[in-house]
Structures are given as structure tokens and as C-alpha cells.
Amino acid sequence: MNQISTPERRGAEFLSLLRNGPPERTPEQERLHRKQRLAATFRLFARYGYDQGLAGHVTARDPIKPDHFWVNPLGFHFSRIRVSDLILVNDEGEVVEGDHAVNRAAFAIHSAIHAARPDVVAAAHTHSTHGKAWSALGRPLDPLTQDSCAFYEAHAVFDDFTGVVLDQSEGRRIAEALGPHKAAILKNHGLLTVGHTVEAAAWRFIALDNAARAQLLAEAAGTPQPIPHDVAKLTETQVGSERGGILSFHPLWDKITTEEPDLLS
């Protein structure tokens with residue numbers, strides 16, 4: 001179990017991340033790390049209201065079997081998922097560890113992304129309310145705030161919705177639209193984010209949904225004034241990094257594992 005039990009130790013862990021970055025881990029330690037952060041992500045997403053029926057999935061590439069990924073089992077509410085509930089799926093969509101079913105859409109989308117992007121460790125997609133609302137507009141987000149600049153010229157729009165994604169060819173088209181970016185807006189569908197860590201992918205989803213909400217509010221209130229290109233581009237490098245995603249996720253990890261330690265079982 002990787003739970004930090006005191007404020008002092010939690011503070012020390014954050015300072016270590018800030019100064020030195022993530023520690024070296026064995027493949028077995030890295031597998032546990034990713035699974036723990038994945039389970040925590042589902043608990044956090046439940047709190048943010050990103051849970052809707054059977055929709056939504058987050059995956060983490062297995063460090064020992066890189067063509068396999070860990071994902072939430074079909075039919076489990078995000079707020080109840082534990083490390084032991086996660087299932088391991090291979091590149092054929094077969095569950096090779098765990099006794100539960102896999103969401104077909106999760107396999108179709110995530111398998112294509114993991115195959116196309118070897119750098120991607122984790123990918124997150126849910127039907128969040130503000131993400132869906134913004135996706136219906138079929139356009140990228142504008143650099144309206146410091147936070148939204150994290151995605152400036154670093155997210156794509158997939159504008160060819162054809163129904164529930166159940167076919168691998170559809171997943172491949174989403175992966176092609178994503179390209180080298182950290183996020184994509186799936187038109188009439190929702191948001192998708194990726195990262196070199198589970199932490200970065202999860203934080204980016206929360207931040208992207210928040211940016212969509214902020215722009216919806218701003219446009220409803222009046223005529224937003226975007227940040228100039230040069231400033232927005234600079235700000236993207238300052239607030240949109242992988243390291244920034246890890247650091248931003250840490251307080252959420254601290255909170256959720258303190259309040260819901262059963263997720264680590």
C-alpha cells in the first residue's frame with residue numbers, strides 16, 4: 001500500500017516530486033503505482049460528476065506487458081472501484097486478468113490510442129456534462145484564461161461522430177485525429193485526454209472539462225477576449241507540461257486516499 005498517512009510525510013513526498021521528479025521504480029512497483037493512481041482517478045471522477053451509466057473509461061498501459069492496459073470493469077460505478085477491481089486487457093480485447101467484462105467502446109478507443117502513441121501511458125474519456133456541451137460546438141477551445149492555455153494549440157477536434165464507438169477502425173480514426181496532442185474534443189461526444197503518466201492524463205481531463213465550462217460561461221455572459229497568441233503559447237509551456245500534471249494531481253491523490261483508503265485494496 002502506497003498511502004501517506006501524515007501531513008509531514010505527504011509534504012515530504014510532494015517536495016521530492018517538485019525537486020526531483022518521480023522516483024525510479026521496478027516494473028512491478030510501477031505497475032502497482034499506475035493501478036493505484038487509476039483507481040484513485042475513478043473515485044475522483046465520481047466526485048466531479050463524470051460518471052454516467054456505463055459511459056466513461058480511463059486506461060493505464062501495463063509497464064510489464066506494454067501492449068496490454070488496465071481499465072475499469074464494465075458496470076462498476078466509479079465511486080466504488082478499487083485497485084483489485086481493475087481488469088487487464090490485451091491488444092485483442094481479451095480480459096487476461098480479472099473476472100469482469102470490458103466496455104467495448106473502451107477497447108475500441110483506447111487500444112487504438114495506445115497502439116498509435118507509444119509515449120502515452122494513460123488515456124481518459126468520459127461523458128462529462130460540460131465536455132459534452134462544448135463538444136456539440138465542434139470547435140477547439142480558445143485561450144481565454146491561464147488554465148485553458150494548457151491546451152493552446154495542443155488539442156484536436158474529431159468532427160466525424162457516427163454513433164457509439166464499437167469498431168476498431170473508428171478508434172483508429174480518433175487516434176489519427178488526436179495526433180501528437182495531449183487532448184481531443186470528440187464532436188457530439190465528449191472529451192479525451194492522454195498523458196505520459198496516469199496522473200497527467202487524469203489532471204488534464206479535469207482541467208479540460210473546467211476550461212470548457214469556463215468558456216461556455218464566458219460566451220453566455222458576453223464576448224470573451226482571448227489571450228494573444230504569443231502569450232498563450234508561452235503559457236502553454238508553463239502550465240501544460242507532464243510534470244505539471246503530476247504535481248497538480250498530487251493534492252487530489254492526497255485527499256482521495258485519505259478520505260477513501262479502501263480504493264487501494
Side-chain angles (χ1 to χ4, degrees), residues 1-3 17 21-46 48 50-51 56-74 76 78 80-98 100-126 171 174-175 178 182-184 191-208 242-243 245-250 252-253 256-257 263-265:
M1 184 176 294
N2 190 25
Q3 185 182 2
L17 279 174
E24 293 291 328
R25 305 184 187 96
T26 66
E28 291 77 14
Q29 290 172 332
E30 181 63 25
R31 172 185 276 176
L32 178 60
H33 177 89
R34 294 181 187 183
K35 290 175 68 178
Q36 289 179 333
R37 270 61 186 179
L38 189 58
T41 293
F42 292 118
R43 298 292 183 100
L44 289 165
F45 278 17
Y48 280 100
Y50 299 160
D51 51 315
H57 18 84
V58 187
T59 55
R61 188 190 300 273
D62 187 75
I64 299 174
K65 300 177 179 179
D67 60 346
H68 291 49
F69 58 80
W70 296 93
V71 65
N72 50 306
L74 182 67
F76 277 51
F78 285 4
R80 296 291 181 263
I81 292 178
R82 304 167 299 170
V83 169
S84 57
D85 295 320
L86 300 172
I87 57 176
L88 183 64
V89 179
N90 67 15
D91 58 356
E92 299 295 326
E94 300 166 332
V95 177
V96 299
E97 189 169 328
H100 311 293
V102 63
N103 186 316
R104 287 179 61 195
F107 172 70
I109 295 173
H110 293 259
S111 62
I113 291 172
H114 284 292
R117 293 278 302 274
D119 62 307
V120 165
V121 164
H125 165 66
T126 82
I174 290 174
L178 173 67
K182 66 184 76 170
L191 308 178
L192 182 145
T193 59
V194 298
H196 298 168
T197 63
V198 175
E199 297 96 310
W203 169 251
R204 283 172 177 168
F205 192 93
I206 294 168
L208 186 61
E242 293 284 336
R243 182 170 177 268
I246 295 173
L247 293 172
S248 294
F249 183 84
H250 186 81
L252 302 179
W253 160 262
I256 201 70
T257 53
L263 72 89
L264 297 169
S265 64

Those residues that, when tested against R43, pass side chain to side chain donor-acceptor pair (under 3.5 Å) (two or more places apart) =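 With sequence neighbours excluded, R43 shows a side chain to side chain donor-acceptor pair (under 3.5 Å) to E260, D262, given in chain and number order.
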Shortest non-hydrogen contact from [X] to [Y]?
| X | Y | value |
| --- | --- | --- |
| I87 | P73 | CD1-CA, 4.0 Å |
| W253 | Q36 | CZ3-O, 3.6 Å |
| L74 | V102 | CB-C, 4.1 Å |
| A46 | F78 | CB-CB, 3.8 Å |
| V71 | L38 | N-CD2, 4.2 Å |
| L86 | I81 | CD2-CG2, 4.0 Å |

Kindly determine whether F69 and I113 satisfy side-chain contact (heavy atoms from CB on, under 4.5 Å), including the steps that lead there.
-> CA-CA 11 Å; F69 58 80; I113 291 172; over 6 Å; no
Apply side chain to side chain contact (heavy atoms under 4.5 Å, CB included) to V121 and list each qualifying residue two or more places apart in sequence or on a separate chain.
->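 Once residues adjacent in sequence are excluded, the partners of V121 under the side chain to side chain contact (heavy atoms under 4.5 Å, CB included) criterion are R34.
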Identify, with sequence neighbours excluded, every residue that meets side chain to side chain contact (heavy atoms under 4.5 Å, CB included) alongside A183.
->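 Here the qualifying residues are F151, H155, T193, L208.
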I'd like a table of donor-acceptor pairs (distance under 3.5 Å, sequence neighbours excluded) in which one partner is a side-chain atom from residues 194-202, with atom names and distances.
residue	atom	partner	partner atom	Å
H196	NE2	D119	OD2	3.1
T197	OG1	A200	N	2.9
E199	OE2	H33	NE2	2.9

Kindly indicate whether the side chain of [X], heavy atoms from C-beta on, has any atom under 4.5 Å from the side chain of [Y].
| X | Y | value |
| --- | --- | --- |
| E28 | I64 | yes |
| H68 | E94 | no |
| I206 | Y50 | yes |
| H110 | V89 | no |
| F42 | D85 | no |
| F45 | F205 | yes |

ring-ring contact (aromatic ring centres under 6.0 Å, His included) partners for H125, two or more places apart |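 With sequence neighbours excluded, H125 shows a ring-ring contact (aromatic ring centres under 6.0 Å, His included) to H57, H127, H189, given in chain and number order.
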Heavy atoms of other groups near R25 CZ, more than 12 under 6.0 Å |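 Atom CZ in R25 is crowded, with more than 12 foreign heavy atoms closer than 6.0 Å.
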Determine which pairs satisfy salt bridge (Lys or Arg N to Asp or Glu O under 4.0 Å) with at least one residue from residues 59-74, sequence neighbours left out, and list them in order.
->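 Listed by first then second residue: R31-D62.
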[X] [atom1] to [Y] [atom2] distance, which is reported to the nearest 0.5 Å:
| X | Y | atom1 | atom2 | value |
| --- | --- | --- | --- | --- |
| I109 | N103 | CD1 | CG | 8.5 Å |
| F76 | D51 | CZ | CG | 15.0 Å |
| H114 | F107 | NE2 | CZ | 11.0 Å |
| L88 | T59 | CG | OG1 | 11.5 Å |

